[in-house]
Number of protein chains: 2
Amino acid sequence: MEIQLQIKMNEKLFLRDPVQSELGKKIILHSIQLIHQSGFEAFTFKKLAEAIGTTEAGIYRYFENKHRLLMYITAWYWSWLEYQVAFHTHNIQDPVVKLKKIIQLLATAVEDDVATSHIDESLLHQIIITEGSKAYLTRKVSEDNKDHLFKPYKDLCAKIGNIILECKPDYQYPKSLSSTIIEMAHFQNFFMNNLPSLTDFGRSKDESEIVNFIENLVFSSLNRPAKTEE
Amino acid sequence: MEIQLQIKMNEKLFLRDPVQSELGKKIILHSIQLIHQSGFEAFTFKKLAEAIGTTEAGIYRYFENKHRLLMYITAWYWSWLEYQVAFHTHNIQDPVVKLKKIIQLLATAVEDDVATSHIDESLLHQIIITEGSKAYLTRKVSEDNKDHLFKPYKDLCAKIGNIILECKPDYQYPKSLSSTIIEMAHFQNFFMNNLPSLTDFGRSKDESEIVNFIENLVFSSLNRPAKTEE
DNA sequence: CTTTAAAAGATAGTGTTACTATTATTTAAA
DNA sequence: TTTAAATAATAGTAACACTATCTTTTAAAG
């Protein structure tokens, strides 16, 4: 049985749909590899074109510029992750168990998903950790947001927020806690590997400790006894 | 009484010390203004030179490139904030009160500090929210880290970590919680203003709600009853 | 099997960015 | 008053971020 997973992307993310052609798929595949290798700053359409064996102009027919390409791959990642979440939490009743599963999915290295041949999810995960926030930390956020380019991220955040509310219906900050979980899963990973003294996992470099930390944080808050102290 | 606050910066951050000359101070002042106006991506040494009334080559005598300049102003900010923390928590005994004060300092807009004439801290605070993480989210982190360029950030993180331990000596993740507080104070602010659906403060756009959220999160964790549930 | 259109490839060109180098002028200390 | 340091002025280069145009290939439609 061979199943190919297709994620429908917002059309504003590209000029020509990359999944519709060989060249398009090569662009995605190689841009992930190149960005992973040398980082987004050093990544250029020229290098990408050389890696693929096409020309700069060829890439520009698919993506307006490299920032839009980054937007595309991050949006793809969040969509894919939402699918992963749906898949792995399916049939789980207890919202606490669900939420733990989600934290684990967020904070743990992913394996390459065979259902998407032109994308290496484990590389992508690494990229999102380092480059993901650059997709929105720009002056064009609001503009990009109006084009709904962050919808996958927001959908995932909303979904996690709802599960948080299932755990504790009167919790006041489901969305903020949700975005905190997402961001911290990545930031703590980046810090652990690059600025270890900002974390408590610098020695072990063990992702499961990030899971423990986030679980501790989240469930302390959600299991908190009704207002007495403070 | 007029007191000027001087922060000693790591010499690797610059080629020529900007606080030692008028031109240098202008570079800092105007770069903060320009980055605040149009963002770090759009910021160039040419524009900066024009704004100051000098030449590109003039700027290059002070800073190797614009990334180093960003490193400089972020490092300056964290040093200044550590001083603020020391100042505002001085004479406070209760570590919980201290920690609350720190959360408030991190998450709340700062007023311009008159003791530093060439720097507008309120603009700087805005810059750090949007551009701060770009200082370390690069391929050069480890290299920059070896030059101790992140020391101010790490010092602040360690300081907060110690106060966390004062609150709860057996807490397992003081450093991770500390970096989480710092990052979330900024990220939730960015989200609140730019991608409000990722937070629960999109309506009010009230910074004090960020303070409440972070306090809730932190003190749930620190007041957590000794292992029983979960 | 041929026409036609779309996609891709090849090539060239432009303005901007990120620098480096050189020389002249100002300023400020010896 | 000399001298050195800092600054200003100017020029130049390689890479980057595009845009334009034209030709060839490919693939669908008639």
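These numbers come from the heavy atoms of this one structure, side chains and all, not from hydrogens, waters or symmetry mates. Everything quoted here is computed from the prediction, not taken from an experiment.
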Could I get the full list of salt bridge (Lys or Arg N to Asp or Glu O under 4.0 Å) partners for [X], not counting sequence neighbours?
X	value
K12(A)	D147(A)
D120(B)	none
K159(B)	E82(B)
E41(A)	K134(A)

- Message: Using the side chain to side chain donor-acceptor pair (under 3.5 Å) criterion, which residues pair with Y153(A)? Sequence neighbours excluded.
- Response: E183(A)
- List in chain and number order the residues that pass side chain to side chain donor-acceptor pair (under 3.5 Å) with K151(B), two or more places apart in sequence or in another chain; answer none if no residue qualifies. D155(B)
- Where along residues 64-75 of chain B does a heavy atom come under 4.0 Å from DNA chain C, residue by residue in number order?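 Nucleic-acid contacts, sorted: E64(B), N65(B), K66(B).
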- Members of residues 32-43 of chain A that approach DNA chain C, where some heavy atom sits under 4.0 Å away: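 Within residues 32-43 of chain A, no residue comes under 4.0 Å of DNA chain C.
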Taking the ring centre of each residue, are [X] and [Y] less than 6.0 Å apart?
X	Y	value
F63(B)	F45(B)	no
W78(A)	H186(A)	yes
Y62(B)	F14(B)	no

Contact under 4.0 Å: [X] side-chain N or O vs [N] OP1/OP2:
X	N	answer
S21(B)	dA6(D)	no
R16(B)	dA5(D)	no
Y62(B)	dT7(D)	yes

- Item | Summary of salt bridge (charged side-chain N to carboxylate O under 4.0 Å, His left out) pairs that have at least one residue in residues 15-35 of chain B, sequence neighbours excluded | E22(B)-K25(B)
- Task: Look at the aromatic rings of Y83(A) and F87(A) and report parallel, tilted or perpendicular, splitting at 30° and 60°.
- Result: tilted
- Message: Any carboxylate oxygen within less than 4.0 angstrom of a Lys/Arg side-chain nitrogen, looking at R139(A) and E131(B)?
- Response: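 Yes.
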Could you tell me the separation between the [atom1] atom of [X] and the [atom2] atom of [N], rounded to a whole number of Å?
X	N	atom1	atom2	answer
E22(A)	dA27(D)	CD	C1'	14 Å
F14(B)	dA6(D)	CZ	C1'	16 Å
D17(B)	dA5(D)	CG	P	17 Å
L48(A)	dC18(D)	CG	C1'	15 Å

- Task: Taking side-chain contact (heavy atoms from CB on, under 4.5 Å) as the test, write out the residues that go with S204(B), two or more places apart.
- Result: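 By the side-chain contact (heavy atoms from CB on, under 4.5 Å) rule, S204(B) matches F201(B), D206(B), E209(B).
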- Query: Which of the following nucleotides, dC16(D), dA6(D), dT19(D), is nearest to the side chain of T44(A)?
  - Reply: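 Among the listed nucleotides, the one closest to the side chain of T44(A) is dC16(D).
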Any N/O pairs under 3.5 Å between the protein and nucleotides 8-13 of chain D? List them or say none.
residue, atom, partner, partner atom, Å
dA8(D), OP2, T54(B), OG1, 2.8
dA8(D), N7, R61(B), NH2, 3.0

- Item | Boundaries of the chain A footprint along DNA chain C (any atom under 4.0 Å from a heavy atom) | dA7(C) to dT11(C)
